[in-house]
Undergrad: 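One structure, as C-alpha coordinates, below. Some questions next.
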Amino acid sequence: MEDNIKDLNILIVDDNIDNLVFLEQLFRRKGYRNIMSMADSRNVLPYVGKADPDIILLDIMMPYIDGYEILRSIRGLMDSSVFLPIVVLTAVTDRKAREQTLKDGATDFLTKPLDAVEVILRVGNLLKTRFMYKQNLEYSKLLENAVLHRTRELAANNQALEKLNQVLDETNIEIADRLAEAAEYRDDATGKHTFRVGAMTGLIAEELGFSPDFTELVNKAARLHDLGKIGIPDAVLLKPGKLTEEEFGIMQGHCLIGAKVLSGGHSELLEMAERIALSHHEQWNGNGYPHGLEGKSIPIEARIVSVVDVFDALTHERPYKEAWSQQEAVEYIKQQKNTQFDAKVVDAFLSVLERYAGKIDFIDMDVGPEHSRDEP
(Lines give C-alpha, C1' and ligand atoms only; values in the text may rest on other atoms or scores of the structure.)
Protein backbone atom coordinates (compact mmCIF):
# COMPACT_ATOMS: atom_id res chain seq x y z
CA MET A 1 0.00 0.00 0.00
CA GLU A 2 2.87 2.39 0.80
CA ASP A 3 4.03 2.37 -2.82
CA ASN A 4 0.49 2.56 -4.23
CA ILE A 5 -0.33 5.79 -2.45
CA LYS A 6 2.73 7.48 -3.97
CA ASP A 7 0.84 7.59 -7.31
CA LEU A 8 -2.24 9.31 -5.85
CA ASN A 9 -2.89 12.93 -6.84
CA ILE A 10 -2.08 15.67 -4.32
CA LEU A 11 -3.44 19.21 -4.83
CA ILE A 12 -1.83 22.03 -2.79
CA VAL A 13 -3.57 25.44 -2.67
CA ASP A 14 -1.83 28.36 -0.95
CA ASP A 15 -1.23 31.97 -2.04
CA ASN A 16 2.12 31.87 -0.19
CA ILE A 17 4.71 30.68 -2.72
CA ASP A 18 7.13 29.68 0.05
CA ASN A 19 4.55 27.25 1.47
CA LEU A 20 3.87 25.79 -1.97
CA VAL A 21 7.57 25.20 -2.61
CA PHE A 22 8.10 23.72 0.86
CA LEU A 23 5.21 21.26 0.54
CA GLU A 24 5.91 20.24 -3.05
CA GLN A 25 9.60 19.57 -2.33
CA LEU A 26 8.69 17.69 0.86
CA PHE A 27 6.31 15.35 -0.97
CA ARG A 28 8.71 14.77 -3.86
CA ARG A 29 11.50 13.85 -1.42
CA LYS A 30 9.16 11.27 0.11
CA GLY A 31 8.51 9.72 -3.30
CA TYR A 32 5.11 11.20 -4.20
CA ARG A 33 4.89 11.53 -7.98
CA ASN A 34 1.69 13.43 -8.80
CA ILE A 35 1.58 16.89 -7.21
CA MET A 36 -0.29 19.97 -8.42
CA SER A 37 0.36 23.37 -6.78
CA MET A 38 -1.85 26.46 -7.11
CA ALA A 39 -1.32 29.97 -5.77
CA ASP A 40 -4.42 31.51 -7.40
CA SER A 41 -7.57 30.27 -5.68
CA ARG A 42 -9.67 31.10 -8.74
CA ASN A 43 -8.18 28.10 -10.55
CA VAL A 44 -9.12 25.53 -7.89
CA LEU A 45 -12.78 24.75 -8.65
CA PRO A 46 -12.29 24.44 -12.44
CA TYR A 47 -9.38 22.07 -11.81
CA VAL A 48 -11.28 19.93 -9.28
CA GLY A 49 -14.26 19.83 -11.67
CA LYS A 50 -12.25 18.21 -14.46
CA ALA A 51 -9.41 16.48 -12.57
CA ASP A 52 -9.57 13.88 -9.82
CA PRO A 53 -7.40 14.90 -6.83
CA ASP A 54 -7.07 12.30 -4.08
CA ILE A 55 -6.30 14.83 -1.34
CA ILE A 56 -6.43 18.62 -1.15
CA LEU A 57 -4.24 20.73 1.13
CA LEU A 58 -6.15 24.01 1.32
CA ASP A 59 -5.07 27.35 2.76
CA ILE A 60 -7.91 29.33 4.33
CA MET A 61 -6.83 32.98 4.16
CA MET A 62 -6.42 33.75 0.43
CA PRO A 63 -7.34 36.61 -1.92
CA TYR A 64 -10.08 36.33 -4.58
CA ILE A 65 -11.78 33.22 -3.16
CA ASP A 66 -11.01 32.21 0.44
CA GLY A 67 -10.59 28.63 1.59
CA TYR A 68 -13.96 28.51 3.36
CA GLU A 69 -15.87 29.18 0.13
CA ILE A 70 -13.72 26.71 -1.82
CA LEU A 71 -14.29 24.04 0.84
CA ARG A 72 -18.06 24.46 0.77
CA SER A 73 -18.10 24.54 -3.04
CA ILE A 74 -16.07 21.34 -3.39
CA ARG A 75 -18.29 19.46 -0.96
CA GLY A 76 -21.33 20.72 -2.85
CA LEU A 77 -19.99 19.26 -6.09
CA MET A 78 -19.90 15.69 -4.85
CA ASP A 79 -22.12 13.09 -3.23
CA SER A 80 -21.83 12.84 0.55
CA SER A 81 -20.63 9.24 0.24
CA VAL A 82 -17.46 10.29 -1.62
CA PHE A 83 -14.36 10.19 0.56
CA LEU A 84 -12.10 13.05 -0.60
CA PRO A 85 -9.86 14.23 2.27
CA ILE A 86 -9.43 18.01 2.48
CA VAL A 87 -6.76 19.16 4.95
CA VAL A 88 -6.99 22.81 5.97
CA LEU A 89 -3.74 24.75 6.33
CA THR A 90 -4.29 27.41 8.98
CA ALA A 91 -2.70 29.44 11.72
CA VAL A 92 -6.12 29.89 13.37
CA THR A 93 -6.40 28.08 16.72
CA ASP A 94 -9.85 29.39 17.70
CA ARG A 95 -12.00 26.37 18.61
CA LYS A 96 -15.26 27.71 17.13
CA ALA A 97 -13.56 28.59 13.86
CA ARG A 98 -12.14 25.08 13.61
CA GLU A 99 -15.49 23.49 14.46
CA GLN A 100 -17.15 25.53 11.69
CA THR A 101 -14.45 24.41 9.24
CA LEU A 102 -15.16 20.78 10.14
CA LYS A 103 -18.89 21.36 9.59
CA ASP A 104 -18.08 22.85 6.18
CA GLY A 105 -16.35 19.60 5.22
CA ALA A 106 -12.72 19.73 6.37
CA THR A 107 -11.21 16.33 7.15
CA ASP A 108 -8.23 17.46 9.24
CA PHE A 109 -6.04 20.46 10.09
CA LEU A 110 -2.35 21.26 9.69
CA THR A 111 -1.29 24.22 11.80
CA LYS A 112 1.12 26.81 10.46
CA PRO A 113 4.07 27.00 10.67
CA LEU A 114 3.96 23.55 9.10
CA ASP A 115 5.90 20.66 10.62
CA ALA A 116 7.36 18.32 7.98
CA VAL A 117 6.94 15.13 10.04
CA GLU A 118 3.33 15.93 10.93
CA VAL A 119 2.50 16.77 7.31
CA ILE A 120 3.88 13.48 5.98
CA LEU A 121 2.17 11.37 8.69
CA ARG A 122 -1.26 12.96 8.39
CA VAL A 123 -1.30 13.11 4.60
CA GLY A 124 0.06 9.55 4.38
CA ASN A 125 -2.69 8.18 6.64
CA LEU A 126 -5.44 9.99 4.75
CA LEU A 127 -4.08 8.79 1.40
CA LYS A 128 -4.13 5.19 2.69
CA THR A 129 -7.82 5.61 3.47
CA ARG A 130 -8.45 7.25 0.09
CA PHE A 131 -6.66 4.35 -1.64
CA MET A 132 -8.78 1.78 0.22
CA TYR A 133 -11.95 3.76 -0.59
CA LYS A 134 -11.10 3.72 -4.32
CA GLN A 135 -10.12 0.06 -4.13
CA ASN A 136 -13.45 -0.79 -2.50
CA LEU A 137 -15.30 1.02 -5.32
CA GLU A 138 -13.35 -1.02 -7.87
CA TYR A 139 -14.17 -4.24 -6.01
CA SER A 140 -17.86 -3.29 -6.02
CA LYS A 141 -17.87 -2.58 -9.75
CA LEU A 142 -16.03 -5.82 -10.49
CA LEU A 143 -18.53 -7.77 -8.41
CA GLU A 144 -21.51 -6.09 -10.06
CA ASN A 145 -20.10 -6.80 -13.53
CA ALA A 146 -19.33 -10.39 -12.57
CA VAL A 147 -22.85 -10.91 -11.25
CA LEU A 148 -24.44 -9.41 -14.38
CA HIS A 149 -22.25 -11.43 -16.75
CA ARG A 150 -22.61 -14.71 -14.93
CA THR A 151 -26.34 -14.28 -14.33
CA ARG A 152 -26.96 -13.87 -18.04
CA GLU A 153 -24.89 -16.96 -18.79
CA LEU A 154 -26.35 -19.20 -16.11
CA ALA A 155 -29.92 -17.98 -15.70
CA ALA A 156 -31.32 -21.35 -16.78
CA ASN A 157 -29.13 -23.36 -14.48
CA ASN A 158 -30.10 -23.16 -10.79
CA GLN A 159 -27.17 -25.25 -9.67
CA ALA A 160 -24.73 -22.99 -11.46
CA LEU A 161 -26.39 -19.91 -9.97
CA GLU A 162 -25.98 -21.36 -6.48
CA LYS A 163 -22.28 -21.87 -7.15
CA LEU A 164 -21.98 -18.29 -8.40
CA ASN A 165 -23.60 -16.93 -5.26
CA GLN A 166 -21.21 -18.99 -3.16
CA VAL A 167 -18.22 -17.58 -5.05
CA LEU A 168 -19.50 -14.02 -4.60
CA ASP A 169 -20.08 -14.59 -0.90
CA GLU A 170 -16.57 -15.96 -0.51
CA THR A 171 -15.18 -12.98 -2.43
CA ASN A 172 -17.01 -10.53 -0.17
CA ILE A 173 -15.71 -12.32 2.92
CA GLU A 174 -12.16 -12.21 1.56
CA ILE A 175 -12.48 -8.47 0.88
CA ALA A 176 -13.82 -7.91 4.40
CA ASP A 177 -10.98 -9.89 5.99
CA ARG A 178 -8.34 -7.94 4.07
CA LEU A 179 -9.88 -4.59 4.95
CA ALA A 180 -10.07 -5.63 8.61
CA GLU A 181 -6.40 -6.59 8.61
CA ALA A 182 -5.46 -3.27 7.01
CA ALA A 183 -7.18 -1.33 9.80
CA GLU A 184 -5.99 -3.64 12.58
CA TYR A 185 -2.26 -3.08 12.17
CA ARG A 186 -2.55 0.56 13.24
CA ASP A 187 -3.03 0.19 17.02
CA ASP A 188 -3.18 -3.51 17.93
CA ALA A 189 0.20 -5.22 18.03
CA THR A 190 -1.40 -8.69 18.17
CA GLY A 191 -3.61 -8.12 15.14
CA LYS A 192 -6.40 -10.15 16.75
CA HIS A 193 -8.76 -7.47 18.09
CA THR A 194 -11.06 -7.44 15.06
CA PHE A 195 -11.38 -11.23 14.99
CA ARG A 196 -12.12 -11.42 18.74
CA VAL A 197 -14.79 -8.75 18.33
CA GLY A 198 -16.29 -10.61 15.37
CA ALA A 199 -16.35 -13.97 17.13
CA MET A 200 -17.91 -12.63 20.35
CA THR A 201 -20.44 -10.55 18.36
CA GLY A 202 -21.57 -13.72 16.58
CA LEU A 203 -22.04 -15.59 19.86
CA ILE A 204 -24.11 -12.76 21.33
CA ALA A 205 -26.28 -12.60 18.21
CA GLU A 206 -26.86 -16.35 18.57
CA GLU A 207 -27.73 -15.88 22.26
CA LEU A 208 -30.27 -13.19 21.27
CA GLY A 209 -32.00 -15.70 19.00
CA PHE A 210 -30.92 -14.48 15.58
CA SER A 211 -30.71 -16.91 12.67
CA PRO A 212 -27.48 -18.77 11.80
CA ASP A 213 -27.22 -16.70 8.60
CA PHE A 214 -27.41 -13.42 10.55
CA THR A 215 -24.97 -14.73 13.16
CA GLU A 216 -22.38 -15.65 10.53
CA LEU A 217 -22.87 -12.35 8.70
CA VAL A 218 -22.46 -10.17 11.79
CA ASN A 219 -19.36 -12.13 12.79
CA LYS A 220 -17.69 -11.13 9.52
CA ALA A 221 -19.06 -7.56 9.37
CA ALA A 222 -18.06 -6.73 12.95
CA ARG A 223 -14.40 -7.20 12.04
CA LEU A 224 -14.59 -3.96 10.04
CA HIS A 225 -15.90 -1.80 12.88
CA ASP A 226 -12.65 0.19 13.26
CA LEU A 227 -11.72 0.41 9.58
CA GLY A 228 -11.85 4.22 9.80
CA LYS A 229 -8.90 4.29 12.21
CA ILE A 230 -6.63 3.97 9.21
CA GLY A 231 -7.43 7.64 8.57
CA ILE A 232 -6.60 8.85 12.09
CA PRO A 233 -3.15 10.45 12.56
CA ASP A 234 -0.66 8.33 14.53
CA ALA A 235 -0.07 11.28 16.85
CA VAL A 236 -3.68 10.92 18.01
CA LEU A 237 -4.27 7.19 17.64
CA LEU A 238 -1.09 6.15 19.46
CA LYS A 239 -0.77 9.05 21.90
CA PRO A 240 0.30 7.58 25.26
CA GLY A 241 -1.61 10.10 27.38
CA LYS A 242 -5.16 11.47 27.58
CA LEU A 243 -6.49 13.04 24.39
CA THR A 244 -7.32 16.74 24.27
CA GLU A 245 -10.84 17.75 23.29
CA GLU A 246 -9.68 18.54 19.75
CA GLU A 247 -7.79 15.24 19.47
CA PHE A 248 -10.83 13.32 20.71
CA GLY A 249 -12.90 15.05 18.04
CA ILE A 250 -10.44 13.82 15.42
CA MET A 251 -10.60 10.29 16.89
CA GLN A 252 -14.40 10.33 16.67
CA GLY A 253 -14.04 10.85 12.94
CA HIS A 254 -13.03 7.21 12.45
CA CYS A 255 -16.73 6.23 12.45
CA LEU A 256 -17.52 8.49 9.49
CA ILE A 257 -14.32 7.56 7.66
CA GLY A 258 -15.00 3.84 8.03
CA ALA A 259 -18.59 4.22 6.85
CA LYS A 260 -17.51 6.22 3.80
CA VAL A 261 -14.87 3.68 2.82
CA LEU A 262 -17.48 0.90 3.02
CA SER A 263 -20.31 2.85 1.38
CA GLY A 264 -21.52 1.87 -2.06
CA GLY A 265 -21.21 -1.87 -1.47
CA HIS A 266 -24.12 -3.98 -2.70
CA SER A 267 -23.63 -7.10 -0.61
CA GLU A 268 -25.34 -7.73 2.73
CA LEU A 269 -21.90 -8.07 4.32
CA LEU A 270 -20.56 -4.66 3.26
CA GLU A 271 -23.89 -2.92 3.96
CA MET A 272 -23.94 -4.33 7.50
CA ALA A 273 -20.26 -3.48 7.97
CA GLU A 274 -21.01 0.13 6.95
CA ARG A 275 -23.79 0.38 9.57
CA ILE A 276 -21.50 -1.05 12.26
CA ALA A 277 -18.57 1.20 11.37
CA LEU A 278 -20.83 4.26 11.53
CA SER A 279 -22.82 3.48 14.70
CA HIS A 280 -20.73 1.29 17.05
CA HIS A 281 -19.98 4.31 19.29
CA GLU A 282 -23.60 5.42 19.58
CA GLN A 283 -25.02 4.92 23.09
CA TRP A 284 -28.39 3.65 24.30
CA ASN A 285 -29.05 6.96 26.13
CA GLY A 286 -28.16 9.12 23.10
CA ASN A 287 -24.82 10.37 24.42
CA GLY A 288 -22.68 8.62 21.81
CA TYR A 289 -21.31 9.69 18.43
CA PRO A 290 -21.27 10.57 15.57
CA HIS A 291 -25.05 11.26 15.34
CA GLY A 292 -26.32 10.93 18.91
CA LEU A 293 -28.69 8.09 18.09
CA GLU A 294 -30.49 6.44 21.01
CA GLY A 295 -32.32 3.25 21.85
CA LYS A 296 -33.57 1.07 19.02
CA SER A 297 -32.72 3.70 16.42
CA ILE A 298 -29.19 2.29 16.71
CA PRO A 299 -28.88 -0.80 14.47
CA ILE A 300 -28.88 -3.98 16.58
CA GLU A 301 -25.59 -5.15 15.06
CA ALA A 302 -23.94 -1.88 16.17
CA ARG A 303 -25.42 -2.23 19.67
CA ILE A 304 -23.85 -5.68 19.99
CA VAL A 305 -20.45 -4.54 18.70
CA SER A 306 -20.55 -1.56 21.08
CA VAL A 307 -20.50 -3.87 24.11
CA VAL A 308 -17.94 -6.29 22.69
CA ASP A 309 -15.59 -3.56 21.43
CA VAL A 310 -15.46 -1.82 24.81
CA PHE A 311 -14.99 -5.10 26.67
CA ASP A 312 -12.16 -6.25 24.40
CA ALA A 313 -10.45 -2.84 24.42
CA LEU A 314 -10.58 -2.67 28.22
CA THR A 315 -9.14 -6.15 28.72
CA HIS A 316 -6.23 -5.86 26.28
CA GLU A 317 -3.09 -3.77 26.36
CA ARG A 318 -2.54 -1.01 23.82
CA PRO A 319 0.34 1.47 23.29
CA TYR A 320 -1.54 4.07 25.37
CA LYS A 321 -2.98 1.82 28.10
CA GLU A 322 -2.60 -1.28 30.20
CA ALA A 323 -5.38 -3.87 30.46
CA TRP A 324 -8.17 -4.35 32.95
CA SER A 325 -8.95 -7.70 34.48
CA GLN A 326 -11.97 -9.50 33.05
CA GLN A 327 -13.92 -8.96 36.28
CA GLU A 328 -13.22 -5.20 36.26
CA ALA A 329 -14.38 -4.95 32.67
CA VAL A 330 -17.54 -6.98 33.39
CA GLU A 331 -18.42 -4.69 36.31
CA TYR A 332 -18.01 -1.65 34.05
CA ILE A 333 -20.30 -3.20 31.41
CA LYS A 334 -22.93 -3.93 34.09
CA GLN A 335 -22.74 -0.34 35.36
CA GLN A 336 -23.41 0.98 31.85
CA LYS A 337 -26.48 -1.19 31.32
CA ASN A 338 -29.42 0.90 30.03
CA THR A 339 -27.17 3.98 29.75
CA GLN A 340 -24.29 3.32 27.37
CA PHE A 341 -25.44 -0.17 26.38
CA ASP A 342 -28.69 -1.95 25.45
CA ALA A 343 -29.73 -3.98 28.51
CA LYS A 344 -30.76 -7.02 26.44
CA VAL A 345 -27.38 -7.07 24.71
CA VAL A 346 -25.58 -6.82 28.05
CA ASP A 347 -27.60 -9.75 29.44
CA ALA A 348 -26.78 -11.85 26.36
CA PHE A 349 -23.12 -10.87 26.65
CA LEU A 350 -23.00 -11.96 30.29
CA SER A 351 -24.70 -15.26 29.42
CA VAL A 352 -22.11 -15.95 26.72
CA LEU A 353 -19.26 -15.21 29.12
CA GLU A 354 -20.72 -17.55 31.72
CA ARG A 355 -21.48 -20.34 29.26
CA TYR A 356 -18.04 -20.28 27.64
CA ALA A 357 -15.96 -19.39 30.70
CA GLY A 358 -12.46 -20.80 30.22
CA LYS A 359 -13.32 -22.23 26.80
CA ILE A 360 -13.00 -19.29 24.38
CA ASP A 361 -9.43 -19.05 23.13
CA PHE A 362 -9.96 -15.60 21.62
CA ILE A 363 -10.60 -14.03 25.05
CA ASP A 364 -7.18 -13.87 26.69
CA MET A 365 -7.29 -11.59 29.72
CA ASP A 366 -4.62 -9.63 31.60
CA VAL A 367 -4.95 -7.00 34.31
CA GLY A 368 -4.63 -3.22 34.77
CA PRO A 369 -6.58 0.07 34.42
CA GLU A 370 -7.46 2.52 31.57
CA HIS A 371 -10.10 3.06 28.93
CA SER A 372 -10.35 2.41 25.22
CA ARG A 373 -8.83 5.20 23.10
CA ASP A 374 -12.09 5.91 21.27
CA GLU A 375 -14.15 6.08 24.47
CA PRO A 376 -14.48 9.50 26.20
Side-chain angles (χ1 to χ4, degrees), residues 183-184 186-208 218-219 222-223 225-226 229 232 236-245 247-248 251-252 254-255 276 279-289 294 298 300-376:
E184 184 68 13
R186 294 294 311 287
D187 71 334
D188 178 15
T190 69
K192 296 179 181 178
H193 169 70
T194 59
F195 293 93
R196 289 194 302 264
V197 169
M200 178 62 89
T201 297
L203 288 174
I204 293 174
E206 182 181 41
E207 180 70 21
L208 287 168
V218 78
N219 181 328
R223 298 177 187 177
H225 68 286
D226 274 343
K229 283 188 177 180
I232 302 301
V236 174
L237 186 64
L238 303 179
K239 181 178 178 180
K242 182 178 177 61
L243 297 181
T244 65
E245 186 172 348
E247 289 169 337
F248 184 60
M251 175 61 72
Q252 289 178 321
H254 81 277
C255 296
I276 291 173
S279 301
H280 70 284
H281 283 293
E282 300 288 0
Q283 297 186 7
W284 184 256
N285 60 8
N287 291 334
Y289 62 86
E294 62 179 307
I298 306 168
I300 182 59
E301 54 266 33
R303 280 181 264 155
I304 299 173
V305 172
S306 174
V307 174
V308 179
D309 186 33
V310 169
F311 178 73
D312 191 80
L314 290 176
T315 52
H316 287 83
E317 185 178 357
R318 293 291 174 86
Y320 47 81
K321 63 175 282 295
E322 294 179 348
W324 288 20
S325 69
Q326 180 177 358
Q327 187 56 44
E328 288 172 324
V330 167
E331 288 303 315
Y332 175 81
I333 299 293
K334 289 180 179 178
Q335 291 169 10
Q336 297 303 313
K337 185 175 177 179
N338 264 331
T339 53
Q340 183 174 350
F341 305 123
D342 180 347
K344 290 184 178 179
V345 174
V346 171
D347 290 340
F349 163 77
L350 295 174
S351 296
V352 168
L353 276 188
E354 182 178 356
R355 188 191 325 153
Y356 290 94
K359 299 178 183 178
I360 308 177
D361 57 9
F362 52 80
I363 302 179
D364 47 331
M365 303 302 163
D366 296 305
V367 293
E370 241 335 318
H371 253 257
S372 165
R373 171 46 49 96
D374 39 22
E375 290 295 318

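Computed from heavy atoms alone, side chains included, the values below leave out hydrogens, waters and symmetry copies. Numbering starts at 1 and runs along the sequence shown.
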Undergrad: List for me each residue that meets side chain to side chain donor-acceptor pair (under 3.5 Å) alongside Glu247, sequence neighbours excluded, and say none if there are none.
TA: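 Side chain to side chain donor-acceptor pair (under 3.5 Å) list for Glu247, sorted by chain: Lys239, Thr244.
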
Undergrad: Passes side chain to side chain contact (heavy atoms under 4.5 Å, CB included), Val197 versus Phe311? Steps please.
TA: CA-CA 9 Å; Val197 169; Phe311 178 73; over 6 Å; no

Undergrad: If you take all heavy atoms of Val218 and Gly202, which pair is closest and at what distance?
TA: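 What the structure gives for the nearest pair is CG1-CA, 4.1 Å.
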
Undergrad: As an exercise, state the distance from CG of Asp226 to NE2 of His280, rounded to the nearest 0.5 Å.
TA: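 Going from the CG atom of Asp226 to the NE2 atom of His280 covers 4.5 Å.
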
Undergrad: Can you sort out the partners of Glu354 under side chain to side chain donor-acceptor pair (under 3.5 Å), two or more places apart, ordered by chain and number?
TA: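 For Glu354, no residue satisfies side chain to side chain donor-acceptor pair (under 3.5 Å) once neighbours in sequence are set aside.
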
Undergrad: Working to the nearest 0.5 Å, report the span between CG of Asp347 and CG of Leu208.
TA: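 Taking CG in Asp347 and CG in Leu208, the distance rounds to 9.0 Å.
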
Undergrad: Please round to the nearest 0.5 Å and tell me the distance separating atom NE2 of His225 and atom CD of Glu301.
TA: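 It is 14.0 Å, given to the nearest 0.5 Å.
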
Undergrad: Who pairs with Phe341 by ring pair (Phe, Tyr, Trp, His ring centres under 6.0 Å), at least two apart in sequence or on another chain?
TA: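 Here no residue qualifies.
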
Undergrad: State the CD1-CE distance between Ile232 and Met251, to the nearest 0.5 angstrom.
TA: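 Between atom CD1 of Ile232 and atom CE of Met251 there are 6.0 Å.
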
Undergrad: Measure the spacing between CG of Asp312 and CE of Met200 and express it to the nearest 0.5 Å.
TA: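 Answer rounded to 0.5 Å: 8.5 Å.
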
Undergrad: In sequence, state the C-alpha distance, the side-chain angles, and the governing distance for Val345 and Ile300, and then conclude on side chain to side chain contact (heavy atoms under 4.5 Å, CB included).
TA: CA-CA 9 Å; Val345 174; Ile300 182 59; 4.1 Å; yes

Undergrad: Begin with the C-alpha distance, continue with both residues' side-chain angles, and end with the deciding distance and a verdict on side chain to side chain contact (heavy atoms under 4.5 Å, CB included) for His193 and Asp309.
TA: CA-CA 9 Å; His193 169 70; Asp309 186 33; 3.1 Å; yes

Undergrad: Nearest 0.5 Å, what's the CD-CH2 distance between Gln340 and Trp284?
TA: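 Gln340 atom CD to Trp284 atom CH2 measures 13.5 Å (nearest 0.5 Å).
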
Undergrad: Go through the structure and list residues passing side chain to side chain contact (heavy atoms under 4.5 Å, CB included) with Thr339, not counting sequence neighbours.
TA: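 By the side chain to side chain contact (heavy atoms under 4.5 Å, CB included) rule, Thr339 matches Asn285, Gln336.
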
Undergrad: Should Val352 and Glu206 count as side-chain neighbours, where that means a heavy-atom distance under 4.5 Å?
TA: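 Not touching, per the 4.5 Å side-chain cut-off.
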
Undergrad: Please enumerate all residues that pass side chain to side chain donor-acceptor pair (under 3.5 Å) together with Gln327, with sequence neighbours excluded.
TA: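 In terms of side chain to side chain donor-acceptor pair (under 3.5 Å), with neighbours along the sequence ignored, Gln327 is linked to Glu331.
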
Undergrad: Go through the structure and list residues passing side chain to side chain donor-acceptor pair (under 3.5 Å) with Asn338, not counting sequence neighbours.
TA: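 Asn338 satisfies side chain to side chain donor-acceptor pair (under 3.5 Å) with no other residue.
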
Undergrad: What heavy-atom pair brings Ile204 and Ala348 nearest, and what distance separates the two atoms?
TA: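 Residues Ile204 and Ala348, closest heavy atoms: CG2-CB, 3.9 Å.
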
Undergrad: Going by the rule side chain to side chain contact (heavy atoms under 4.5 Å, CB included), which residues pair with Ile298 if we only count those two or more places apart in sequence or in a different chain?
TA: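 For Ile298 the side chain to side chain contact (heavy atoms under 4.5 Å, CB included) partners, ignoring immediate neighbours, are Ser279, Glu282, Leu293, Ala302, Arg303.
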
Undergrad: How far apart are the closest heavy atoms of Gly198 and Ala222, and which atoms are they?
TA: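 Nearest heavy atoms, Gly198 then Ala222: CA-CB, 3.9 Å.
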
Undergrad: Please work out which of the three classes, parallel, tilted or perpendicular, describes the rings of Tyr289 and His281, given edges at 30° and 60°.
TA: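 Geometry flag for Tyr289 against His281: parallel rings.
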
